Amino acid sequence: MMEVKDAFSVDVYRDLHRAFVEFQNRAEKLSTAYEAMQQDFKNVNIELDRKNAQLAGSLAQKEEVQTYLNSILESMDNGVIGVNTAGEITHFNKAAGIITGYNAEKVMGRPYTEIFITQESRGSTLLKTLQSGCELLRDERVLWHKDGHPVPVSYQTAILKDGNGRKLGAVEIFSDISRLKAMEREMQQNRTMAALGEMSATVAHEIRNPLGAMGVWAGLLERDLEPKDSRRKTLNKITEGLSRLNKIVSNLLVYTRPVTTEFRKLELGALLEEIVDFTEIEIERLGVNIKVDKKLKDAENLFVLADPEKMSQAIMNVCLNAVQAMNDGGTLAVSFEKGKKERGFSAFTISDTGCGMESEVLEKIFDPFFTTKENGTGLGLAIVKKIVESHSGHIDVNSSSGNGTSVKIFLPYLKD
């Protein structure tokens, strides 16, 4: 009985020993696995740190590229407007704001048609490109400014896509070509004037010859008529008509030919004083009740480089126009504006208290052959403008119906 009990104890001991050894082995394996897991975790952390560093670098690089691209957009002279697939504005650079008059902060994120609510939005090239997918190459059109005036622009449009070719929106790039259009009009006008000059020279020659002959025959007829002959009145009308035709031809030649100037140093105050004196004589001859107000003290000792004959003609023409606008009397004021010298120009103003002009008339006063006078040629103010511009000057006219007219002439002052 004792032997059986001892045998049982030995077996239990062996089982326990095996269990302990197995437990120890499992524990060692767990420890090894734990250490391996820790190492893996550590490696994962290292890899995450590396990926985070790469991501941070990538984000910094992307932000740098974005800043660089935005700087380019903002520094461009061309306007850039971009919209997403819903037609909402996503890009609007500084030049676009200058050309259109809109503030970028107020238009970003808003529908394109909500901002550009004029006829431009109904036929917008940008929205057409967005809807049709058809990109437009360089062309010209009129874009309407926020204030309501048209701005001629050169433009092109394109579809915006991501790396997978998915459509993101559309963009339009445009530039203001107002100055270019003005230069084109000026060139066209110069070509027209050159052709008109050649034609007027031929016409003047063909007209003046018979006019001269008619004048001679009129003089012979007048010599043969008695002083009290009633036919003298008709003859005088003929002579006046011939004189007017000759004046029209002369003015046409002056307007169409290049202005030849002989510049001299002139004291502006003395020149204006002389012209005003002649104007006062003409006022007395006409017998109209016009008061002349001279404020030319500030023009003393201020010199300009000008052709005395041409500039006197221009100023006299303006003064006589002012007199003719005051048939019922009024005030003719000639004044010099103090303080313009600092800007490189001397400015003087000739104003009247006459009938003034409607805005429609004011827009056309420098057009050749446009006149509101019954016997006018329509070349007076056109010649004045040409003479002033030949002196590198500028003329500005302000007038309204019933409130008189003010003509301001700017001339470069002669530096000491």
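Please read all numbers here as calculations on a predicted model, not as lab measurements.
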Test side-chain hydrogen bond (donor to acceptor under 3.5 Å, both in side chains) applied to S400 - qualifying residues, sequence neighbours left out: N403
Results of side-chain hydrogen bond (donor to acceptor under 3.5 Å, both in side chains) for E47 - residues two or more places apart only: R50
Does [X], at its [atom1] atom, have more than 12 non-hydrogen atoms belonging to other residues, nucleotides or ligands within less than 6.0 Å?
X: K94; atom1: NZ; value: no
X: E28; atom1: CD; value: yes
X: M37; atom1: CE; value: yes
X: E309; atom1: CD; value: no
X: R231; atom1: CZ; value: no
X: L48; atom1: CG; value: yes
X: N289; atom1: CG; value: no
X: K167; atom1: NZ; value: yes

What side-chain donor-acceptor pairs closer than 3.5 Å can you find for residues 316-331, not counting sequence neighbours?
residue	atom	partner	partner atom	Å
N317	ND2	G380	O	3.4
N321	OD1	K373	NZ	2.7
Q324	OE1	K373	NZ	2.5

Salt-bridge contact R26-E22 (side-chain N to carboxylate O under 4.0 Å): yes
Pairs meeting criterion salt bridge (Lys or Arg N to Asp or Glu O under 4.0 Å) with involvement of residues 156-165, two or more places apart: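 Only D162-R166 qualify under salt bridge (Lys or Arg N to Asp or Glu O under 4.0 Å).
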Where at least one partner belongs to residues 390-402, residue pairs that pass salt bridge (Lys or Arg N to Asp or Glu O under 4.0 Å), sequence neighbours excluded: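 Sorted result for residues 390-402: empty, none.
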S399 versus T405, side-chain donor and acceptor atoms under 3.5 Å: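 Yes, side-chain donor-acceptor contact under 3.5 Å.
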Compare all side-chain heavy atoms of [X] with those of [Y] and state whether any distance is below 4.5 angstrom.
X: M108; Y: I89; value: yes
X: L362; Y: N398; value: no
X: P152; Y: E140; value: no
X: T129; Y: E172; value: no
X: K128; Y: C134; value: no

ring-ring contact (aromatic ring centres under 6.0 Å, His included) partners for F263, two or more places apart: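 H391.
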Salt bridge (Lys or Arg N to Asp or Glu O under 4.0 Å) assessment of E389 paired with K386: CA-CA 5 Å; E389 289 179 348; K386 189 171 183 180; over 6 Å; no
